[in-house]
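One-based numbering along the sequence shown.
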Amino acid sequence: MSFTLTVVTHPTADISKPSVIIEDRSSGDRTVIGKIPAGFQRKCNEMSLKTSRLTNIFLSGILNWESVAGLPGLILTVSDQGAKSLGINHSGNKLIQYIVSCWRYFIFRFGIDLNVNDVDNTVEKGSVKYKPINITSRLPTEDNSNKEEDHIKLENIVGGIFPFQNNSSKPQYNAKRLANLTLPESIVNPRISTSWIITPNPIRGKFMVNVAKQLGCQIPHFKPLCNFESVVLENGTTITPEQVLEPTRYFNSVLVLDIPSEEYLENTLSHDFLADLPNELPYSCVFHFIGDEIKDPLADPKYIDFIRKFGPSTLHFVSHKSYCPNVLNFLKTFRVSMKWKSLLSKFFPLPKWSFTSSISIDEQLPNVLPMISGQTINIKSTTGTNLEDSTKAGLGAALFSTEDAKTLYKNEIESVFSDSLSSSEFNKVIENVHTAESLRKTVDLTKSLKDQIETLILGTGSAIPSNIRNVLCNIVRVPYVNSSGESGFRTIVLDAGEGSFGTLQRTYKKEEVKMLLDELKMIYLSHLHADHHLGIIDFIKQWNKHEQNEYGFSRSKVLYVVTPWQYDKFLRELNKVDEIVDLKYIKYVSCDEFMVGYIAPSFEQHKIEDVPVEKIGTVKQTEIEFTKNEEVSNDLYSSVGMSEIKTCAAFHCEYAYSCSLSFKLNLDSPTTDDNVFQISYSGDTRPKSTFSFIGRNSDLLIHESTLDDDKLGDAISKRHSTTSEALQVGILMKAKKIILTHFSQRYKSFTCSSEVYARLSNPKTREDFTETEGADNLQVKQRKSIDSIAEIDESLPIELQSNIFSESIDEDVRKNAAQMEVLFAFDNMHVQYSDFGKQREVFEKYGTQLEKLFSDDWDDVEDEPIVSEDNQKGQKKQNKQKDNNSTKKRKLTPPM
């Protein structure tokens with residue numbers, strides 16, 4: 001029996017917290033110890049660590065958003081991969097149930113038995129024991145003891161979010177009802193830091209059959225002796241297990257030590273971890289997860305003495321921002337950006353990374369190493385524990401250097417594209433990557449303000465992150481000028497999936513990131529699917545931490561957060577136990593404030609303290625009719641410099657919205673077409689003519705394009721748009737420029753670009769097919785809606801099947817379409833409004849050569865499921881449940 005311990009994440013620009021995975025080589029089961037930071041799942045993909053074999057997670061340190069930001073998405077993926085159970089464990093705080101309960105607004109998964117535990121003592125999972133060591137802060141804190149009824153209620157809520165049909169002990173609730181309860185006011189964050197001692201179970205020595213027979217043992221005696229029980233022979237002789245068993249083989253223990261900040265340092269260093277060892281063997285290795293607040297801990301003699309107490313045979317891995325190199329985490333993404341850089345230099349700022357750390361560990365500490373992703377420790381009972389020498393400096397992306405980048409460029413790009421950047425030009429780019437500036441600092445008042453608008457595309461994928469595409473995030477910088485001649489940029493965020501802010505920090509200079517935070521005026525969320533909003537908290541938190549007076553920042557500023565009503569509830573509940581932001585500087589505005597058409601009601605929340613445990617899942621739903629407040633919208637318009645926002649219902653899930661945002665360029669001039677820049681953003685949706693109406697004459701349309709036209713059936717069932725449908729929305733809208741994004745992770749190329757350009761030159765509707773041969777089957781034309789894949793006839797053109805093509809287009813619309821510029825989005829793309837057409841020039845010039853250039857970089861990914869078969873069945877079961885207390889039935893698409 002053997003085990004492998006692998007470092008998955010260490011602190012870098014785009015992944016903030018450390019984690020390790022221990023794998024039982026005999027069963028293949030994997031357990032995470034440490035944090036689940038944003039980007040964890042994607043990093044596992046990069047390292048080919050399959051999360052489908054994940055059985056347990058043991059969270060270390062204190063519980064806050066940074067430590068679990070990647071956990072909601074990871075659970076959804078593990079569930080969709082077919083896992084039937086998963087354990088989430090923490091200790092000493094009784095808070096983890098509350099944290100998971102905060103997710104009830106946007107997560108439901110049927111078919112996975114999620115066991116969320118606050119463990120008090122050693123627990124055994126598989127062949128390994130995990131012992132918690134809880135270290136208190138030197139500052140006074142509250143606790144969650146003597147709140148048993150509240151803990152039971154929270155446990156029931158978690159069971160309702162993750163109902164499991166084979167566990168009769170868990171109540172089966174209607175998940176929608178759980179959002180109509182508040183969470184217990186009594187629950188606090190005790191901020192106790194959890195460390196873990198990990199010890200594989202000992203292996204019994206080999207049973208010596210011949211020795212046992214010589215001692216007079218018979219076959220019936222063998223089993224009890226193997227179970228460490230003595231036996232008495234017929235002649236009265238007692239045979240002990242030690243006489244017939246070879247010595248038991250023991251494993252060294254591993255310590256994952258978590259010190260979040262200075263307030264835990266003294267209590268940690270004074271704790272006797274050697275006394276906690278389960279056997280006489282020393283620790284094989286200690287992982288030191290040290291918070292950034294503790295500056296240069298290895299310069300502290302007390303810390304060095306603490307390390308030396310473990311003895312010379314113990315290896316120490318230190319996770320601290322100063323000691324860990326800021327290596328690349330996603331090499332394939334870098335390769336794609338680098339190749340595009342050679343063809344569209346201005347479009348792709350390259351990520352910043354370093355092979356060395358800012359502080360080197362003293363050579364006088366030979367058994368102390370920086371913790372680096374990819375380090376692998378083998379744990380065996382026969383040969384002890386050893387670090388694989390080849391992984392000492394990490395593996396994969398962690399080993400990628402600037403020289404590697406230069407060689408890659410010369411071998412894979414310069415030889416293929418003779419008119420790309422030369423190797424010498426690229427070498428200069430790489431050597432100056434840390435100092436290169438990508439963002440405009442000032443507005444050029446001699447040029448068109450519209451042409452200076454910048455779009456930063458941080459993620460372009462759908463549903464789940466992959467090596468090449470992270471989940472969705474768009475940032476737009478809109479310039480302004482006033483009558484006094486003052487000018488600058490306003491920054492808005494349109495959706496932000498997990499890891500979006502990390503990508504920003506990886507791609508842009510620190511000064512540029514600070515500048516963007518200073519400019520940040522508004523965050524917009526289209527709907528509550530996890531791949532669209534798990535990264536929003538990072539933007540809010542970093543905006544809140546932005547230093548006072550840096551770049552003119554003043555605490556009189558506010559940040560507008562425009563979201564569905566449930567997100568505000570989620571943020572406030574989480575903020576109660578993890579103070580992410582000072583909420584008085586966050587102005588929440590409902591998407592319904594700007595709604596065109598029917599406004600779905602929200603629901604009153606009942607105090608959970610007033611609801612008995614047995615009534616948790618059946619609380620009455622009370623609708624709240626939304627009333628618009630003109631003062632709220634006018635306040636936003638004035639502060640952000642806008643003339644109007646319009647939203648309409650997206651056809652995707654409940655409380656999903658598409659929007660159109662109009663920004664004034666000269667803040668003090670009248671609102672005219674020349675003085676307004678209009679951005680329309682689809683979010684996730686089937687194509688809707690209502691959206692094309694509210695976004696009429698948009699300067700920029702950003703539209704999801706999840707699937708190719710040959711997957712129309714999938715697009716209908718998953719409530720997404722195909723490429724031609726998204727394009728048709730833009731044509732009807734008379735948009736000037738379009739960004740197509742949110743692509744299924746299955747797609748490895750961009751072969752549909754020629755078809756897109758052809759459609760622009762000759763847009764079609766259903767009417768164009770009424771006179772053509774083969775259009776006899778026009779009952780399709782009369783169909784009001786397509787509700788199932790069974791109705792799709794692949795022999796028919798998409799114009800005869802998708803309703804967005806039923807609307808007539810006039811000559812003015814056709815003329816605009818011919819002039820429209822379309823951009824296919826790629827991760828880490830940065831494009832100025834005046835440069836959109838340059839991509840088409842590259843596509844048309846190189847054609848299929850581009851596919852060859854990128855063929856080795858794409859993942860072999862099948863179409864990702866939105867929900868597994870179990871979840872689909874479970875959701876149907878939920879939707880069929882009678883709701884006698886509701887005044888109106890609504891379908892609910894399970895969150896992603």
Side-chain angles (χ1 to χ4, degrees), residues 1-10 17-27 29-36 49 54-61 87 89-91 119 121-135 193-203 249-259 268 271-290 306-320 367-388 391-392:
M1 183 181 293
S2 65
F3 301 84
T4 300
L5 200 63
T6 305
V7 175
V8 183
T9 62
H10 70 267
K17 298 295 179 181
S19 61
V20 296
I21 280 182
I22 184 170
E23 179 181 357
D24 184 336
R25 300 300 297 272
S26 59
S27 67
D29 290 345
R30 290 176 173 153
T31 298
V32 179
I33 306 99
K35 318 286 190 179
I36 307 293
L49 290 170
L54 198 60
T55 57
N56 277 278
I57 295 168
F58 287 86
L59 296 168
S60 69
N89 306 277
H90 195 241
S91 180
V119 299
N121 301 303
T122 301
V123 293
E124 184 172 338
K125 301 292 182 181
S127 301
V128 182
K129 289 186 174 68
Y130 301 85
K131 180 179 181 178
I133 304 295
N134 294 318
I135 304 295
S193 181
T194 303
S195 297
W196 294 98
I197 297 174
I198 305 155
T199 312
N201 289 336
I203 299 174
R249 302 198 302 274
Y250 293 92
F251 290 89
N252 295 80
S253 296
V254 173
L255 173 61
V256 174
L257 182 68
D258 201 308
I259 313 174
T268 302
H271 185 86
D272 187 359
F273 288 95
L274 298 176
D276 295 312
L277 281 166
N279 53 52
E280 296 181 357
L281 297 176
Y283 288 104
S284 60
C285 56
V286 179
F287 289 90
H288 301 253
F289 296 175
I290 307 174
F306 174 73
I307 287 175
R308 286 175 173 153
K309 287 179 181 178
F310 288 91
S313 65
T314 301
L315 271 175
H316 297 265
F317 298 88
V318 180
S319 169
H320 186 278
N367 60 338
V368 181
L369 301 169
M371 182 175 169
I372 305 174
S373 175
Q375 288 169 328
T376 303
I377 296 103
N378 295 312
I379 305 172
K380 297 181 179 180
S381 61
T382 51
T383 58
T385 302
N386 66 83
L387 167 66
E388 291 186 11
T391 71
K392 187 175 181 179

task = Test Leu387 against Leu315 for side chain to side chain contact (heavy atoms under 4.5 Å, CB included), laying out the working first.
result = CA-CA 9 Å; Leu387 167 66; Leu315 271 175; 3.9 Å; yes
task = Let me know which of Val20, Val318, Leu255, Leu257 forms a side-chain contact (heavy atoms from CB on, under 4.5 Å) with Phe287.
result = Val20
query = Roughly how far, to the nearest 0.5 Å, is CD1 of Ile203 from OG of Ser381?
reply = 3.5 Å
task = Spell out, as yes or no, whether a donor-acceptor pair under 3.5 Å connects the side chain of Thr376 to the backbone of Gly374.
result = yes
message = Side chains of Glu23 and Phe3, heavy atoms from C-beta outward: is any pair under 4.5 Å?
response = no
key: Distance-minimising heavy-atom pair for Thr314 and Asn367   = O-ND2, 2.9 Å
ask   = Which heavy atom of Ile372 sits nearest a heavy atom of Lys392, and at what distance?
value = CD1-O, 4.3 Å
query = Which atom names give the shortest non-hydrogen contact between Met371 and Ser19, and what distance separates them?
reply = CE-O, 3.8 Å
query = Rounded to the nearest 0.5 Å, how far does CG of Leu277 lie from CG of Asp272?
reply = 9.0 Å
task = Apply the test side chain to side chain contact (heavy atoms under 4.5 Å, CB included) to residues Ile377 and Thr385: give CA-CA distance (whole Å), side-chain angles for both, the deciding distance (0.1 Å), then the verdict.
result = CA-CA 7 Å; Ile377 296 103; Thr385 302; 3.2 Å; yes
ask   = Is there a side-chain contact between Ile21 and Leu5 (heavy atoms, below 4.5 Å)?
value = no
Residue pair Arg25, Thr4: steps toward the side-chain hydrogen bond (donor to acceptor under 3.5 Å, both in side chains) verdict = CA-CA 7 Å; Arg25 300 300 297 272; Thr4 300; 3.0 Å; yes
request  = Would you give the length of the straight line joining atom CD1 of Ile259 to atom CD1 of Ile290, rounded to the nearest 0.5 angstrom?
outcome  = 5.0 Å
query = Are the side chain of His10 and the backbone N or O of Ser373 linked by a donor-acceptor pair below 3.5 Å?
reply = yes
remark   = For Ser284 and Val254 the tightest heavy-atom approach is OG-CG2, 3.4 Å
key: Closest non-hydrogen atom pair between Pro202 and Tyr250, with its separation   = CB-CD2, 3.5 Å
key: Steps toward side chain to side chain contact (heavy atoms under 4.5 Å, CB included) verdict (Tyr283, Ile198)   = CA-CA 10 Å; Tyr283 288 104; Ile198 305 155; over 6 Å; no
message = Would you say that Ile379 contacts Asn252 through its side chain, given a criterion of any heavy-atom pair below 4.5 Å between the two side chains?
response = no
query = Heavy-atom distance under 4.5 Å between the side chains of Phe310 and Leu274, does that happen here?
reply = yes
task = Find out whether Ser195 and Pro132 are in side-chain contact, i.e. whether some heavy atom of one side chain is under 4.5 Å from a heavy atom of the other.
result = no
ask   = How about Val128 and Asp24: do any of their side-chain heavy atoms sit closer than 4.5 Å?
value = no
request  = Determine yes or no for a side-chain-to-main-chain donor-acceptor pair under 3.5 angstrom, with Thr6 supplying the side chain and Val8 the backbone.
outcome  = no
query = Out of Phe289, Phe273, Phe58, which residue meets the ring pair (Phe, Tyr, Trp, His ring centres under 6.0 Å) rule with Trp196?
reply = Phe58
inquiry  = Quick check for you: to the nearest 0.5 Å, what is the distance between Asn386 atom CG and Cys285 atom SG?
reply    = 10.5 Å
remark   = Smallest heavy-atom separation, Leu281 atom then Asn279 atom, equals N-OD1, 3.0 Å
query = Hey, mind stepping through His271 and Asp276 against side chain to side chain contact (heavy atoms under 4.5 Å, CB included) and telling me if it holds?
reply = CA-CA 10 Å; His271 185 86; Asp276 295 312; 2.7 Å; yes
query = Which of these passes side-chain contact (heavy atoms from CB on, under 4.5 Å) with Ser91: Val123, Asn121, Val119?
reply = Val119
key: Heavy-atom donor-acceptor pair, Gln375 side chain to Pro370 backbone, under 3.5 Å   = yes
message = I'd like to check Ser313 versus Pro282 (side-chain heavy atoms, cut-off strictly below 4.5 Å). Are they in contact?
response = yes
query = Between His288 and His316, do the side chains contain an N or O donor and an N or O acceptor separated by less than 3.5 Å?
reply = yes
inquiry  = Can you tell whether the side chains of Asp258 and Lys35 come within less than 4.0 Å, N to carboxylate O?
reply    = yes
ask   = Can you check whether Lys17's main-chain N or O pairs, donor with acceptor, with Thr9's side chain at less than 3.5 Å?
value = yes
message = Please report the interatomic distance OH(Tyr130) to CG(Asn56), rounded to the nearest 0.5 Å.
response = 7.0 Å
ask   = Thr194 and Asn134: side-chain hydrogen bond (donor to acceptor under 3.5 Å, both in side chains), yes or no, with the steps?
value = CA-CA 5 Å; Thr194 303; Asn134 294 318; 3.0 Å; yes
